[in-house]
Amino acid sequence: QALEIAERLDIPDVLSHALNTQGAYPAVKGHLNEARILLEGALAIALEHERHSAGLRAYNNLAWVLELQDRIPESYALAEQALALARRVGDRGREIVFGANGVYPLYLDGRWDEAVARAEEFEEAAITAQAQLSLSDVIFVHTQRGRSDRARNWWSRLTPEQFPEDPQGAAATRGYEAHVLRAEGKPREALALVEGVFARVEGQMALQHQHVKIAAAEVLECALELGD
């Protein structure tokens with residue numbers, strides 16, 4: 001109904017937010033192409049009419065959907081545009097979110113120094129559990145560099161209890177700990193920890209979640225090291 005009224009009255013803010021909401025629903029159901037098309041429309045309308053709040057919301061949801069589709073470079077590029085907009089309009093909360101989300105793509109792209117610098121830039125400002133979770137992707141840089149002590153220091157800031165209603169977040173913390181344990185030469189402990197992750201997540205969207213995929217990769221790495 002909001003979408004119909006917004007179209008009739010030509011209210012860009014309401015129209016963008018309505019498309020945003022409509023786009024989020026199919027994403028949760030795993031219909032990612034449908035979600036992406038709706039969210040692209042929401043973003044285009046918001047940017048055309050310089051509706052910054054609606055635009056930042058659309059950036060966030062669209063980057064998330066692209067991440068679920070494993071289109072990481074596109075998701076990162078979009079998040080960097082959003083980061084620039086958040087800084088320009090003075091939205092500190094969104095700046096932290098988009099800044100933190102850049103750590104994992106930078107790691108995947110081999111830009112490890114930039115990933116560490118990004119994590120350190122937002123380390124003190126990231127007070128929400130989700131922002132801390134995104135920053136903790138820097139763990140992968142430290143383990144690759146043989147600095148499991150630094151990786152464990154980052155992991156120690158997280159606990160599954162920070163995500164009482166977010167099984168993906170809780171799964172991510174266990175995936176990180178398993179990764180650190182494996183880097184410390186304890187693959188069997190790591191495997192025992194991470195094997196239970198998938199009993200805690202349900203549904204197609206959950207299994208597309210980036211951190212759940214990371215946990216799945218950790219299971220395989222541990223099994224390979226152990227010869228299981």
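The residues of the chain are indexed from 1 along the displayed sequence.
A donor-acceptor pair under 3.5 Å is formed between the side chain of R57 and the backbone N or O of H17. At distances below 3.5 Å, at least one donor-acceptor pair connects side-chain atoms of R118 with backbone N or O atoms of G99.
In the hydrophobic clustering, where aliphatic and aromatic side chains (Ile, Leu, Val, Met, Phe, Trp, Tyr) are joined below 4.5 Å either directly or transitively, L220 stands alone.
No single ILVMFWY cluster, assembled from side-chain heavy atoms under 4.5 Å apart, contains both L135 and V97. Cluster membership for V138 and V180, using ILVMFWY side-chain heavy atoms within less than 4.5 angstrom, is shared. Residues I37 and L66 are members of separate hydrophobic clusters, defined by side-chain heavy-atom contacts under 4.5 angstrom among Ile, Leu, Val, Met, Phe, Trp and Tyr. The hydrophobic cluster containing L32 does not contain Y25, counting ILVMFWY residues as joined when their side-chain heavy atoms lie under 4.5 angstrom apart, directly or transitively.
The existence of a salt bridge linking R150 and E120 is excluded, since no basic side-chain nitrogen approaches an acidic carboxylate oxygen closer than 4.0 Å. Between E123 and R157, at least one side-chain N (NZ, or NE/NH1/NH2) sits under 4.0 Å from a carboxylate O, which counts as a salt bridge.
When side chains are defined from C-beta on, H52 counts as touching R88, because their heavy atoms get closer than 4.5 Å. Contact of the L15 side chain with the P12 side chain is not registered, since no non-hydrogen atoms from C-beta on lie closer than 4.5 Å. In this structure, the side chains of L85 and Y59 come closer than 4.5 Å at one or more pairs of heavy atoms. Between V116 and L106 there is no side-chain heavy-atom pair separated by less than 4.5 Å. L39 is not listed as a side-chain neighbour of L19, based on a closest heavy-atom distance of 4.5 Å or more. Taking 4.5 Å as the limit, some side-chain heavy atom of L181 sits within range of a side-chain heavy atom of E177. Taking the side chain as every heavy atom from C-beta outward, N33 and Q69 approach each other to under 4.5 Å. E189 is not listed as a side-chain neighbour of L193, based on a closest heavy-atom distance of 4.5 Å or more.
Residue pairs meeting the salt bridge (Lys or Arg N to Asp or Glu O under 4.0 Å) criterion with at least one member in residues 96-114, sequence neighbours excluded, are D109-R111, R111-E114, D113-R145. The stretch residues 66-92 participates, sequence neighbours left out, in no ring-ring contact (aromatic ring centres under 6.0 Å, His included) pair at all. Evaluation of the salt bridge (Lys or Arg N to Asp or Glu O under 4.0 Å) test over residues 42-51, restricted to residues two or more places apart or in two chains, returns D13-R51.
For the pair I45 and S16, the tightest heavy-atom approach, listed with the atom from each and the gap, is CG2-CB, 4.3 Å. Nearest heavy-atom pair, A131 versus I96, reported as atom, atom and distance to 0.1 Å: CB-CG2, 4.2 Å. Heavy atoms only, all atoms of each residue included: A35 and V65 are closest at CB-CG2, 4.2 Å.
By the salt bridge (Lys or Arg N to Asp or Glu O under 4.0 Å) test, E34 pairs with no residue at all, sequence neighbours left out. With sequence neighbours excluded, the residues that form a side-chain hydrogen bond (donor to acceptor under 3.5 Å, both in side chains) with R87 are E95, E121.
Between F140 and Y176, the ring-plane angle classifies as tilted under the 30° and 60° cut-offs.
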Exercise. Hey, mind stepping through E218 and C222 against side chain to side chain contact (heavy atoms under 4.5 Å, CB included) and telling me if it holds?
Worked result: CA-CA 6 Å; E218 201 57 42; C222 289; 4.1 Å; yes

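Under the side chain to side chain contact (heavy atoms under 4.5 Å, CB included) test applied with R94, the options L83, L56, V89 reduce to a single match, L56.
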